[in-house]
2 protein chains.
Amino acid sequence: MHGAGWCYRRFKDEGFRLTIPRQAILDVFNQNSKHLSAEEIFLLVHRNYPGVGLATVYRTLDLLTQMGIIFKSDFGDGCSRYELADEATKGHHHLICTRCGRIIDYSDFIEKEEKFTKELETELSQKYKFKINSHQIHFYGLCDKCQ
Amino acid sequence: MHGAGWCYRRFKDEGFRLTIPRQAILDVFNQNSKHLSAEEIFLLVHRNYPGVGLATVYRTLDLLTQMGIIFKSDFGDGCSRYELADEATKGHHHLICTRCGRIIDYSDFIEKEEKFTKELETELSQKYKFKINSHQIHFYGLCDKCQ
DNA sequence: AATGAAAATGAAAATCATTATCAGTTAATA
DNA sequence: TATTAACTGATAATGATTTTCATTTTCATT
Ligand SMILES: [Mn+2]
Ligand SMILES: [Mn+2]
Ligand SMILES: [Zn+2]
Ligand SMILES: [Zn+2]
């Protein structure tokens, strides 16, 4: 991933502080490649830093999302879920089972997807004067266990 | 759109009843091509049928979603939003402004998208034994007024 | 090292979309 | 008409997220 200094610099440059709670939350993302909810992140952070409160987790997730470091998704299970923006934006997309809620990351055919979305982004941003920063492709259906 | 009889048949065949509140809610969708929240639908229905309660709106939206008649999306503004599944699934995709929340429907380049997603769906459903029913493509960024 | 301003925090309360409960109503069918 | 299951509105409950507020931490400047 990025060096530790990179993050510190980004925070500093934008007038934020890279505090212990924030580092702890970033660590969770770097050690965990799942789609985590605020509650799950809170519990993981709590193992090493029992003092960190849930409100701070929410505040930090919001900040990291604003900064574009993590990506917030809604998979329809009642809470927002977050993952590193690199992975979410570039690496893969999602199959979502509408019965059991399972989420499958797929990274097959990504070259083809990249090519396709790049073209589309160019045309769309021109036509709508829209500055595109990221995209998401969700396929909904039934996983093998649910059909 | 579909004839009125079509809907009645679908409900009946699946053991549901096409009641007044349900018809009223379906009418809202047929007269309105926006991405509506439960609250907004409740208010629109309320004009002609003041007796219909919010709980019934939620229940009906859930039922229509299960039946695949409407499509539920989350655009990140704190509530679920619904539109007719035909339009949502086949006709267009979305540009979402992360600053002001504006949602732009686009239906340009749809032929190209259709071709692309069809191929992808075939390959993905094979590899993951996943039965794909629908998909969503969201582009996030800044609209013309927000950059 | 002491100071002061701004940023950040935890605990608790508040908000608000959504869901569950429940007693009464409606529609289908025999 | 009687039986039954589906459906309803009103209301309470739930639960994720946000806000509030008093206190603490950070950090540039003395
Ligand atoms: Mn993912
Ligand atoms: Mn749309
Ligand atoms: Zn499943
Ligand atoms: Zn905007």
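Atom set for the values below is all heavy atoms of this structure, side chains included, hydrogens, waters and symmetry mates excluded. Chain identifiers are assigned alphabetically (A, B, ...) following the order of the sequence lines, protein sequences preceding nucleic acid strands; residue numbering begins at 1 within each chain. For clarity, every value in this text was computed on a predicted model and none was experimentally measured.
Between A:Glu123 and B:Lys112 there is a salt bridge, since a side-chain N of the basic residue sits under 4.0 Å from a carboxylate O of the acidic one. Salt-bridge check for B:Asp74 with A:Lys72: failed, with every basic side-chain N at 4.0 Å or more from each acidic carboxylate O.
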Can you pull every protein N or O that's under 3.5 Å from an N or O on nucleotides 23-30 of chain D?
residue	atom	partner	partner atom	Å
D:dT26	O2	A:Arg17	NH1	3.3
D:dT26	O2	A:Arg17	NH2	3.2
D:dA28	OP1	A:Lys12	NZ	3.3

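With D:dT8, D:dT17, C:dT9 as the candidates, the nucleotide lying closest to the side chain of A:Thr56 is C:dT9. Which of C:dG10, C:dA8, C:dA20 sits closest to the side chain of A:Arg22 comes down to C:dA8. You'll find that the side chain of B:Ala38 is closest to C:dT18, out of C:dT18, D:dC7, C:dT9. Comparing C:dG10, C:dT19, C:dA8 against the side chain of B:Tyr58 picks out C:dT19 as the nearest. Of the candidate nucleotides C:dT18, C:dG10, D:dT17, D:dT17 has the atom nearest to the side chain of A:Leu54.
Between A:Leu63 atom CG and D:dT18 atom C1' the separation is 16 Å, expressed in whole Å. Atom CD in B:Gln23 sits about 20 Å away from atom P in D:dA6, given to the nearest Å. A:Gln66 places its CD atom 14 Å from the P atom of C:dA8, with the value rounded to the nearest Å. Summarising the geometry, the separation between CG on A:Asp77 and P on C:dT19 is reported as 12 Å, rounded to the nearest angstrom. If you measure from atom CZ of B:Phe16 to atom P of D:dT8, you get 12 Å, rounded to the nearest angstrom. Rounded to whole Å, atom C1' of D:dC7 lies 12 Å from atom CD1 of B:Ile25. With rounding to whole Å, B:Phe42 atom CZ is found 14 Å from C:dT18 atom P. Taking atom CD of residue B:Glu39 and atom P of nucleotide C:dT18, one finds them 9 Å apart after rounding to whole Å.
The closest side-chain heavy-atom distance from B:Gln147 to B:Arg99 is not below 4.5 Å.
Partner assigned to D:dA28 is C:dT3, using Watson-Crick or G-U wobble distances below 3.5 angstrom.
With 3.5 Å as the limit, one finds no donor-acceptor pair spanning the side chains of A:His138 and A:Tyr140. Remark: the B:Glu83 side chain and the B:His92 side chain contain an N/O donor-acceptor pair separated by less than 3.5 Å. Between the side chains of B:Gln23 and B:Tyr8, not a single donor N or O lies within less than 3.5 Å of an accepting N or O.
Under the 4.5 Å side-chain heavy-atom criterion for Ile, Leu, Val, Met, Phe, Trp and Tyr, A:Leu63 and A:Phe42 are members of the same hydrophobic cluster.
The residue A:Ser37 sits apart from the nucleic acid: no heavy atom pair falls under 4.0 Å.
Taking side-chain N and O atoms only, A:Arg59 has no distance below 4.0 Å to OP1 or OP2 of D:dT17.
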